[in-house]
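The block underneath contains the structure these notes are about, expressed in structure tokens.
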Amino acid sequence: MKTLQTSVRASETIAIGRAFVLCRNHVEQSITQGSIEEEKARFTTSLQSSTEQIEALAVDSDIFAAHLEIVQDEMLSDAVMEHIGSGSSAVEACQAACADLVAMFEALDDEYLSARADDIKDIFARIEANLTGGLQNPFEGVKEGDIIVARELLPSDMALLDLNAIRGFVTALGSTTSHVCIMARNHSLAAVVGLGDALEQISSGDMLIVDSYEGKVIINPDSQTIDSYLVRQLSLDALRSEQQQVATQTVEYEGESVAVTANAGSVDDVVKAVEAGADGVGLFRSEFLYLNSSVEPTEEEQYHVYSAAAKACNGRPLTIRTLDIGGDKAVPYLGFEREENPFLGWRAIRVSLDMEQMFCRQLRAILRASAEGDVRVMFPMIATLEELIEAKRILERCKADLTAEGVKYNENIKVGVMIETPAAVFIADTLAANCDFFSIGTNDLVQYIMAADRANVKVSHLYNPYSEAVIRAIRLTIESAQRTGIECSMCGELASDSSATELLLEAGLRKFSVNTGSIAKIKYTISKL
């Protein structure tokens, strides 16, 4: 009996079953490289075939609908054509272009957005397969009750699997926001990801216990261990059933209503969050509109997305965070320069204030969408009062322009600030007097307070949201909001951690913005306090 451990909490389920170790059969390229024009023609044909395949899958899948937008974007084909023009074969050009785009997404300091690198890998894997011999099904031989073991799993893999037949996933790569984890949570499957090279200790046919709660995989457990997990499994299933019963209810703490809203990155995310019982959307990431395009999205394109999201909320609040890019989130078409320390560089509100016309296009789209529901606007990475005042000035200018044009919008739209820098914590009283709400972004706040990059394994032990310094900062922020009489929410990962719920409630937090899969759990936790 062996036990493998990871720190990534992918889902909250336990599974017991046989391992099916995924072996991908790569077709050797036997085609002689042709001229530049011949290689371009080969790529074009493969791209067309891939697009048609994705179109068929997109009919019943929002994931593949997003893939369709990417594969049809000229940024992808231009990147490949550029490499072919430099002398690469079509396959080599796809691999190089894929690496470039994946590196861009994986560098993002936002786990949700960095996980979109999986989409890029998936699309290029399809294109390459069509270039070298067509797609194959690597899951032939999977039996009911199996647990899929793979280095990584992509959205196309999910489309080939009967998710009602398998019991879970174990992967070497992946994060809590990767597609395999999202699928696991949506289908109540166990998932342990991020095991790295330790995954090689698992062989097909091994009996596995996959404990998503503790990020643990037990290989060939003894009968006593299996029996203990079966008992625990029944208990946890009963608990999850109880949690679902309160998911759509309003919860209270010490006689006060507590809102449990959701973090979202697309209209589809909003729909799913509302269905799961969210009291609204506390964080709508607008970055994906910019990152998934080869050109800046127009005001009209943004308006349609924000408007659709507002309608999907059906009267519930929708808080849209303005563009949070820069440095580590470089968008090629905006001409970002390389920075020595991007986390302390030109990003978020600093970019928006410097690129005022682009900022205005986004604010106008948000204002127009505010006529469709309770839409709110939130500025990220505020560090000074001057930044907030300038952002509000530009917002007022956009309001005046829309009024002059006779365009409807909510004149009293609420304006909020992300508290994610130590500077914002220290001047929270001043900021609170100049805005309508706070949202504590613990992911960046912890990183800046502890001076520790959460992605750097050498200092990751310092990235502790429960450290005294971080808890003090959270309390100071909530107290400042309370004194001024404005709302304070939290949208970082700490908000989704049920072990922190009571601590946060005691500190005065009355609004949580969590991952959709955590809504029932957090509401249930609050209801029991």
Side-chain angles (χ1 to χ4, degrees), residues 1-27 115 118 121-122 125 135-240 457 517:
M1 184 170 74
K2 296 180 182 177
T3 300
L4 309 182
Q5 187 80 50
T6 177
S7 61
V8 181
R9 295 182 63 183
S11 66
E12 294 189 339
T13 311
I14 290 174
I16 302 173
R18 295 285 178 185
F20 177 91
V21 178
L22 180 65
C23 295
R24 299 186 190 274
N25 295 316
H26 297 285
V27 178
D118 287 348
K121 293 177 186 176
D122 201 350
L135 299 170
Q136 297 183 340
N137 185 354
F139 298 106
E140 291 181 4
V142 172
K143 298 181 177 64
E144 187 167 353
D146 279 353
I147 293 170
I148 307 300
V149 179
R151 178 169 175 77
E152 66 178 329
L153 290 167
L154 300 172
S156 290
D157 295 324
M158 300 296 107
L160 296 171
L161 281 167
D162 180 357
L163 297 178
N164 295 316
I166 62 173
R167 293 181 181 168
F169 307 101
V170 178
T171 66
L173 306 178
S175 66
T176 55
T177 54
S178 58
H179 284 299
V180 65
C181 293
I182 293 170
M183 288 293 186
R185 290 191 288 268
N186 289 344
H187 291 80
S188 298
L189 297 170
V192 169
V193 305
L195 285 172
D197 293 339
L199 190 82
E200 296 177 7
Q201 298 179 52
I202 303 175
S203 301
S204 281
D206 281 346
M207 177 61 71
L208 302 180
I209 294 176
V210 180
D211 183 348
S212 297
Y213 288 88
E214 297 184 11
K216 182 187 297 183
V217 178
I218 302 174
I219 307 170
N220 294 321
D222 55 39
S223 58
Q224 185 177 354
T225 302
I226 291 175
D227 288 343
S228 67
Y229 266 95
L230 286 172
V231 171
R232 187 177 169 207
Q233 193 175 42
L234 289 173
S235 175
L236 293 172
D237 287 345
L239 174 61
R240 188 162 52 248
V457 294

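The figures here come from the full heavy-atom set of this structure, side chains too, leaving out hydrogens, waters and symmetry mates.
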Which residues share a side chain to side chain contact (heavy atoms under 4.5 Å, CB included) with Thr3, sequence neighbours left out = Lys216, Ile218
Taking only residues two or more places apart in sequence, or in another chain, which ones meet Val21 in a side chain to side chain contact (heavy atoms under 4.5 Å, CB included)?
-> Val149, Ile202, Ser204
Do the side chain of Ser212 and the main chain of Ile14 share a donor and acceptor less than 3.5 angstrom apart?
-> no
Set of salt bridge (Lys or Arg N to Asp or Glu O under 4.0 Å) partners for Asp206, sequence neighbours left out = none
Under the side-chain hydrogen bond (donor to acceptor under 3.5 Å, both in side chains) test, which residues partner Thr225, sequence neighbours left out?
-> Asp222
By side chain to side chain contact (heavy atoms under 4.5 Å, CB included), Asp162 pairs with (sequence neighbours left out) Asn164, Ala165
Side chain to side chain contact (heavy atoms under 4.5 Å, CB included) with Asp197: which residues, sequence neighbours excluded?
-> Glu200
Of the non-hydrogen atoms in Gln201 and Ile219, which two are nearest, and what is the gap between them?
-> O-CD1, 4.0 Å
Between CD1 on residue Ile209 and CE on residue Met1, distance to nearest 0.5 Å = 8.0 Å
Should Leu22 and Phe169 count as side-chain neighbours, where that means a heavy-atom distance under 4.5 Å?
-> no
Going by the salt bridge (Lys or Arg N to Asp or Glu O under 4.0 Å) test, which pairs reach into residues 139-156, not counting sequence neighbours?
-> Lys121-Glu152
What residues form a salt bridge (Lys or Arg N to Asp or Glu O under 4.0 Å) with Asp211, not counting sequence neighbours?
-> Arg232
Mind listing the closest non-hydrogen atom pair of Ala19 and Ser203 along with its distance?
-> CB-O, 3.6 Å
Pick from Val170, Thr171, Ile166, Leu189: which one makes a side-chain contact (heavy atoms from CB on, under 4.5 Å) with Ile148?
-> Ile166
Could you list the residues that satisfy salt bridge (Lys or Arg N to Asp or Glu O under 4.0 Å) with Asp237, not counting sequence neighbours?
-> Arg240
Can you name the side-chain hydrogen bond (donor to acceptor under 3.5 Å, both in side chains) partners of Gln233, sequence neighbours left out?
-> none
Is Tyr213 close to Leu236 at the side-chain level, that is, under 4.5 Å between some pair of heavy atoms?
-> yes
Please name all residues satisfying side-chain hydrogen bond (donor to acceptor under 3.5 Å, both in side chains) with Asp157, sequence neighbours left out, ordered by chain then number.
-> Arg24
Quick one: are Ile226 and Leu230 in side-chain contact, heavy atoms under 4.5 Å?
-> yes
With distance as the sole test, does Gln5 use its side chain to make a donor-acceptor pair with the main-chain N or O of Glu214 at under 3.5 Å?
-> yes
Are Val192 and Leu195 side-chain neighbours, meaning at least one heavy-atom pair lies under 4.5 Å?
-> yes
Heavy atoms, side chains only, cut-off 4.5 Å: are Ile147 and Phe20 in contact?
-> no
